[in-house]
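Some notes on the structure that comes next.
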Amino acid sequence: LLSAMADEIEHTGLKAVYMVGRADSTGGYESNLEISHKRVLAAKNYLLKHLAEMGITDVEINVEYMGDLTAKAKPDSEDRRVDVTIYPKV
C-alpha cells in the first residue's frame with residue numbers, strides 16, 4: 001500500500017502526508033505507545049525511501065502515534081495500523 005501511496009503522490013503532485021500509528025489493546029499503555037511509534041516511523045521511513053528512489057524528495061511527512069487510545073476493547077488486528085492522509089502542501 002505504501003508503494004501505491006508513493007505513486008499517488010507522484011501522479012497527483014500532493015506533497016504533504018499525515019500518518020498516525022495505532023496499536024491494539026494487547027499490552028500496557030506505555031508499550032502500546034512505543035509499538036505505535038515504531039510502526040508509524042517504519043511506515044514513514046519506507047515511504048520516504050520509496051519516494052527518494054522515484055526522485056521525489058520534497059514531501060513533508062508529519063507523524064503522530066496514539067498507542068491503543070482508539071482500539072477496541074478486545075485485541076483486533078485492524079487496530080494495528082497506520083492511517084495515512086495525503087494532502088496539498090501549504
Any side-chain heavy-atom pair of Val84 and Tyr18 under 4.5 Å: no

Any pair counted as ring-ring contact (aromatic ring centres under 6.0 Å, His included), so long as it reaches residues 70-90, sequence neighbours left out: none

Hphob cluster co-occupancy, Tyr46 + Ile35, side-chain heavy atoms under 4.5 angstrom: no

Residue pairs fulfilling salt bridge (charged side-chain N to carboxylate O under 4.0 Å, His left out) with at least one residue in residues 33-57, sequence neighbours excluded: Glu34-Lys38

Closest non-hydrogen atom pair, Met66 against Leu33: C-CD2, 3.9 Å

Sequence neighbours excluded - side chain to side chain donor-acceptor pair (under 3.5 Å) pairs with any residue from residues 23-33: Asp24-Thr26, Asp24-Arg80, Asn32-Asp68

Salt bridge (charged side-chain N to carboxylate O under 4.0 Å, His left out) contacts touching residues 81-90 (sequence neighbours left out): Arg22-Asp83, Asp79-Arg81, Arg81-Asp83

Distance in Å, Ile61 CD1 paired with Ile9 CD1, rounded so as to fall on 0.5 Å steps: 6.5 Å

Closest non-hydrogen atom pair between Ser36 and Ala23, with its separation: CB-N, 4.2 Å

Ala6: side chain to side chain contact (heavy atoms under 4.5 Å, CB included) partners, not counting sequence neighbours: Leu47, His50, Leu51, Met54

Pair Glu60-Asn62, side-chain donor/acceptor within less than 3.5 Å: yes

Residue pairs involving residues 3-19 (criterion salt bridge (charged side-chain N to carboxylate O under 4.0 Å, His left out); sequence neighbours excluded): Lys15-Asp58

Heavy-atom side-chain proximity of Val20 to Val63 below 4.5 angstrom: no

